[in-house]
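The block underneath contains the structure these notes are about, expressed in structure tokens.
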2 protein chains.
Amino acid sequence: MTNGKISMTVIRRLPKYHRYLKDLLDKGINRISSKELSEIIGFTASQIRQDLNNFGGFGQQGYGYNVEDLFNEIGLILGLSRPYKTVIIGAGNLGQALANYDFEVHGFQLVGMYDVDENLIGRKIKGIEIKPSNRLVEDCVIHNVDIAYLCTNRESAQNVANALTKCGVRAIWNFTPVDLKISDESVIVEDVHLIDSLLTISYFLKDR
Amino acid sequence: MTNGKISMTVIRRLPKYHRYLKDLLDKGINRISSKELSEIIGFTASQIRQDLNNFGGFGQQGYGYNVEDLFNEIGLILGLSRPYKTVIIGAGNLGQALANYDFEVHGFQLVGMYDVDENLIGRKIKGIEIKPSNRLVEDCVIHNVDIAYLCTNRESAQNVANALTKCGVRAIWNFTPVDLKISDESVIVEDVHLIDSLLTISYFLKDR
DNA sequence: GCAATTTTGTGATTTAATTGACAGACTTTT
DNA sequence: AAAAGTCTGTCAATTAAATCACAAAATTGC
């Protein structure tokens with residue numbers, strides 16, 4: 001177990017391990033070797049062992065890994081040991097879609113939804129009432145919100161991000177096509193740039 | 001201009017170049033050096049030059065790059081020179097959100113939406129009527145669909161993917177939390193694993 | 001039109017990521 | 001309880017990606 005800085009490429013593989021281990025657990029499999037896992041998950045066995053060893057020696061020679069233990073360990077590494085409070089800004093279709101995802105089972109607790117559209121304000125999604133955007137800052141402070149799901153239009157994105165930064169939100173899950181400029185280095189921004197993803201498809205499709 | 005295989009890391013940067021060049025174009029800027037672009041986009045100047053040179057020498061010494069030309073070139077590289085026909089499978093909030101995105105301006109033309117929910121079937125989103133899922137295969141063949149946006153639940157994902165592969169769809173934009181197994185190597189699968197993205201956030205948040 | 005400046009394109013170097021290899025620890029079999 | 005087999009953890013080697021450095025080509029300023 002090295003304790004240097006873990007690279008982003010490793011971190012981005014962790015959720016996949018977590019998903020596959022959950023599947024194995026659900027199937028009642030309680031033991032797996034890096035070789036078997038490599039065949040299911042599609043990474044090399046060597047990479048799996050190397051990845052896991054960044055965080056600790058979870059396996060045992062001659063045996064492999066205990067699926068439940070490893071699942072729990074990776075859950076801990078991924079920060080799933082405690083709940084996070086989340087808000088959704090922009091309660092259109094995308095915001096509503098995110099509200100309906102079962103992120104709660106992983107500890108992501110939705111505490112507020114916000115929009116500027118009078119037709120949406122007052123509606124309830126999963127028991128959460130959509131409130132006007134001018135309530136956002138106040139509510140974030142009161143509830144100590146950890147993560148904001150940013151689903152506004154392009155035009156509002158940066159302004160909302162600025163407001164979120166000021167009221168102590170510690171991460172922004174950014175679904176807008178904007179690359180946000182955040183002054184506070186400690187605020188985490190995770191982009192889901194759908195158009196970038198779609199253009200990657202068209203790159204590969206173009207001469208087929 | 002090398003014509004070996006372009007690495008995935010380079011390809012995934014191309015849409016970002018495209019977005020920033022569009023912004024510059026809209027601002028009326030018609031000339032930019034790799035150094036200036038690096039300050040805006042956050043890659044090194046060297047990387048920008050190296051990336052672009054995978055596809056051709058688009059710049060000029062002492063001048064830099066012509067913004068409009070470069071924007072158009074990258075559009076061509078990304079396959080935006082021709083339209084793609086798309087369908088959405090799963091017309092819930094996420095499917096509807098995707099239908100309402102303006103992917104059309106980039107040439108992604110929505111030709112069908114499908115769902116199994118009787119309450120959704122018959123509704124129209126952006127002029128597209130939601131049809132029952134059993135019409136999917138037939139329609140894909142008739143319309144020669146290029147890309148399917150897969151927004152079903154976890155349980156249906158693999159079955160739908162199998163059907164899509166059989167009816168000639170050439171790419172699947174996968175929003176389900178499933179890693180699809182596709183026998184046809186030529187079918188492109190682009191995953192948008194939201195839960196993986198969210199867990200990356202919690203990784204960084206966990207001990208803050 | 002000449003000198004100074006800018007800036008690309010590209011080969012060389014450095015850094016990062018992946019894969020290979022194997023000693024040693026543990027398990028299983030007999 | 002010994003022998004045979006399994007499989008990790010880790011170091012070494014390889015491959016890939018990013019950065020550096022600079023000659024050559026073009027531009028700009030005088």
Side-chain angles (χ1 to χ4, degrees), chain A residues 1-17 20-21 24 29-74 77 196 200 203, chain B residues 1-17 20-21 24 29-74 77 196 200 203:
Chain A
M1 174 171 173
T2 331
N3 229 340
K5 202 167 176 302
I6 310 297
S7 82
M8 201 61 192
T9 52
V10 174
I11 294 164
R12 293 223 176 262
R13 279 192 292 267
L14 295 176
K16 193 161 173 179
Y17 290 122
Y20 275 85
L21 287 164
L24 291 168
I29 296 165
N30 46 32
R31 168 186 172 173
I32 196 155
S33 70
S34 59
K35 182 156 177 292
E36 291 167 314
L37 189 54
S38 84
E39 279 153 14
I40 304 171
I41 208 168
F43 306 150
T44 64
S46 181
Q47 181 162 69
I48 292 169
R49 293 202 301 279
Q50 188 119 322
D51 280 352
L52 298 178
N53 262 84
N54 281 296
F55 304 99
F58 303 129
Q60 192 161 50
Q61 280 116 322
Y63 178 88
Y65 300 87
N66 178 287
V67 173
E68 189 173 2
D69 290 351
L70 189 55
F71 174 74
N72 290 332
E73 288 288 356
I74 294 180
I77 294 162
D196 290 18
T200 305
Y203 173 86
Chain B
M1 174 170 173
T2 329
N3 229 340
K5 201 166 178 302
I6 309 297
S7 82
M8 202 59 193
T9 53
V10 173
I11 294 163
R12 293 223 175 262
R13 280 193 292 268
L14 294 176
K16 193 161 173 179
Y17 290 122
Y20 275 85
L21 288 164
L24 291 168
I29 296 165
N30 47 33
R31 168 186 172 175
I32 195 155
S33 71
S34 60
K35 184 157 175 291
E36 292 167 314
L37 188 55
S38 83
E39 280 152 16
I40 304 170
I41 208 169
F43 306 150
T44 65
S46 180
Q47 181 163 68
I48 293 168
R49 293 202 300 279
Q50 189 122 324
D51 281 351
L52 298 178
N53 263 84
N54 281 296
F55 303 99
F58 303 127
Q60 191 160 48
Q61 279 118 323
Y63 178 90
Y65 299 87
N66 178 286
V67 172
E68 188 173 2
D69 289 352
L70 189 56
F71 173 75
N72 291 332
E73 289 287 358
I74 293 180
I77 294 162
D196 290 18
T200 306
Y203 173 86

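Labels below follow one simple rule: chain letters A, B, ... track the order of the sequence lines, proteins then strands, and each chain is numbered from 1. All of these numbers come straight from a predicted model, not from anything done at the bench.
Nearest-nucleotide positions on DNA chain C place A:Ser7 closer to the 5' end than the other of A:Gln60 and A:Ser7.
Paired with A:Tyr17 under the rule ring pair (Phe, Tyr, Trp, His ring centres under 6.0 Å), one option of A:Phe58, A:Phe43, A:Tyr65, A:Phe71 passes, and it is A:Phe43.
Side chain of B:Asn72 to backbone of B:Asp69: no donor-acceptor contact under 3.5 angstrom is found.
Between A:Gly62 and A:Arg31, the shortest heavy-atom distance links the atoms O-NH2, 3.6 Å.
Put simply, the side chain of A:Ile74 does not reach to within 4.5 Å of the side chain of A:Tyr20, judged on heavy atoms. Contact of the A:Arg12 side chain with the B:Thr200 side chain is registered, since non-hydrogen atoms from C-beta on lie closer than 4.5 Å.
The phosphate of D:dA18 has OP1 or OP2 within less than 4.0 Å of a side-chain N or O from B:Arg13. Distances shown here put every side-chain N or O of B:Ser34 at or beyond 4.0 Å from the OP1 or OP2 atom of C:dT7.
Within residues 42-50 of chain B, the residues approaching DNA chain C are B:Arg49, B:Gln50, by heavy-atom distance under 4.0 Å.
Between the side chain of B:Gln61 and the base of C:dT7, no donor-acceptor pair under 3.5 Å is found.
Checking A:Ser46 against A:Thr44 by side-chain atom types alone, no donor-acceptor pair falls below 3.5 Å.
With the end axes of the helix from C:dG1-D:dC30 to C:dT30-D:dA1 each set by five pairs, the angle from one to the other reads 30° at 10° resolution.
The local environment of NZ in B:Lys16 is crowded, with over 12 non-hydrogen atoms from other residues, nucleotides or ligands closer than 6.0 Å.
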